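In what follows, a structure is listed as structure tokens, so that the remarks can point back to it.
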2 protein chains.
Amino acid sequence: MDNSKILLVDDEQDILDLIRYNLEKEDFTVFTASNGREGIEIAKKELPDLILLDVMMPEMDGMEACTEIRTIPELAGVIIAFLTARSEDYSQIAGFDAGADDYITKPIKPRVLVSRVKALLRRTSGKEETNSSANSSGIVIDKDRYIVFKEGVELSLPKKEFELLSLLMSQPGRVFTRELILSSVWGNDVIVGDRTIDVHIRKLREKLGDSNFKTVKGVGYKFDD
Amino acid sequence: MDNSKILLVDDEQDILDLIRYNLEKEDFTVFTASNGREGIEIAKKELPDLILLDVMMPEMDGMEACTEIRTIPELAGVIIAFLTARSEDYSQIAGFDAGADDYITKPIKPRVLVSRVKALLRRTSGKEETNSSANSSGIVIDKDRYIVFKEGVELSLPKKEFELLSLLMSQPGRVFTRELILSSVWGNDVIVGDRTIDVHIRKLREKLGDSNFKTVKGVGYKFDD
DNA sequence: GAAAGTCTTAACTTTCGCTTAACCTCGCAG
DNA sequence: CTGCGAGGTTAAGCGAAAGTTAAGACTTTC
């Protein structure tokens, strides 16, 4: 759950190393860039969840980069936090106005940084967790609304189908045994016939595309793309 | 767009006044409470978008209040920021772990505070945009006056209907389970029959239009357009 | 204290999601 | 080639869950 992607943009190698070390220790995936221009390139390619931007940088500074990032559609929703040398309160205003979500002051204290990063990610990834999760298959599920989107088209599934889909999509690629599916979707005390799962899988295949649901004979099913 | 509701919880009247003044100047709607317990009561009633919580308070401190708020379903999604006297870096960790989204240090500088509040609200209100809004259904509720407007026409609903509607509309699109509805509108200790909710939903559909209330069989109801 | 309004319940109907039974297909082992 | 095991397919029927309606118990209003 915590392998969120973080892009770190700073021109000082020491800082990059320090932060990278601490974030990777927490299982985040870290990308780095040493100026704003390069940061934007990488951001477009990797679509990180969070960008940590140093304010002072050669080539293109953090403020400019932030403003530009906010105009890039693929990066809508990315969280941006500035890193700044001194707690210059009033300079923060410019940062927030440029579209920043947070301001972290140097000197960086590793534990504080990690806590802060987690707090920033919690809202979005927390939302993703309960709300929706996407992947390359073009299928997005929204648990709060009990709705599934297939290539942007809204689609509402009955309870059991929805729960089965949620389960399979919770770990794409992983095979869930019939047993596990039964205990998870139906509960341990309900006894249902052998063909019940198949029928539900069939409905999902019908509605969401055959290719996403793979049968592993003798074992179970998995969601794939 | 900026009349977001902000709940301010602090035991010092000076601070309440100062912050209230500055936020109201920016067209935010501000509620205040002077301790955690009272804050939670008001939060449940007003469903603010953002809560500013002082850490040090009598009765129930900010940390406790934060933890409790995070367990209240109607308040899922509310943003919580702590106000703290000194930039005690390491104490922030506990705050973030309790579910805080931000940390604002005293002494409060008005312009910084306002910028920060706007930055915090930007993310969610941006998100709500995709969820669309209650406006598109033509239904607006006014909690202070216990009044509902449907396409501009005033309409007064009985208590239970009003509360049910408020709950459903607090997060349009989200499905509320029957259980949740019961505990939220009727309270945990009242026992009512199975059909009670249905009848109230029926009344709402009758008065406000069938299409806005969707049934998710086996799960609950949601407000939609 | 009648009238109007509110909430809950009971009894009945309707809907539609879930399960099953019966049959089909595929692939593999003997 | 045959038999068997595992999964696929289909449609029908059951039944739980929601919709509907009216009536009864309370409350508030005037």
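Chain identifiers are assigned alphabetically (A, B, ...) following the order of the sequence lines, protein sequences preceding nucleic acid strands; residue numbering begins at 1 within each chain. In this text, all values refer to a predicted model and were calculated from it rather than measured experimentally.
- The phosphate of C:dT20 (OP1 or OP2) has a side-chain N or O of A:T196 nearer than 4.0 angstrom.
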- Base, backbone or nothing for each nucleotide of nucleotides 2-9 of chain D, written B, S, -, heavy atoms under 4.0 angstrom, 5' to 3'? ---BBBBB
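- Neither side chain, B:S183 nor B:R178, offers a donor N or O lying under 3.5 Å from an acceptor on the other.
- Residues B:D194 and B:L157 each lie close to DNA chain C; by heavy-atom proximity, the contact nearer the 5' end of the strand is made by B:L157.
- With hydrogens and angles disregarded, a donor-acceptor distance shorter than 3.5 Å links the side chain of B:N212 to the backbone of B:L208.
- Not one side-chain nitrogen or oxygen of A:H200 sits closer than 4.0 Å to the OP1 or OP2 atom of C:dG17.
- The backbone N or O of B:M57 sits nowhere less than 3.5 Å from a side-chain atom of B:D54 that would complete a donor-acceptor pair.
- Using modelled atom types and a 3.5 Å distance limit, the side chains of A:N22 and A:E26 yield no donor-acceptor pair.
- Each of C:dT9, C:dT19, C:dC7 was ranked by its minimum atom distance to the side chain of A:K160; first place goes to C:dT19.
- Taking the six-membered ring where the residue is Trp, the centroids of A:Y221 and A:F176 are separated by 6.0 Å or more.
- Between B:W186 and the phosphate of C:dC7, there is no side-chain N or O to OP1/OP2 separation shorter than 4.0 Å.
- Judged by closest nucleotide on DNA chain D, A:E206 is the one of B:E206 and A:E206 placed further toward the 5' end.
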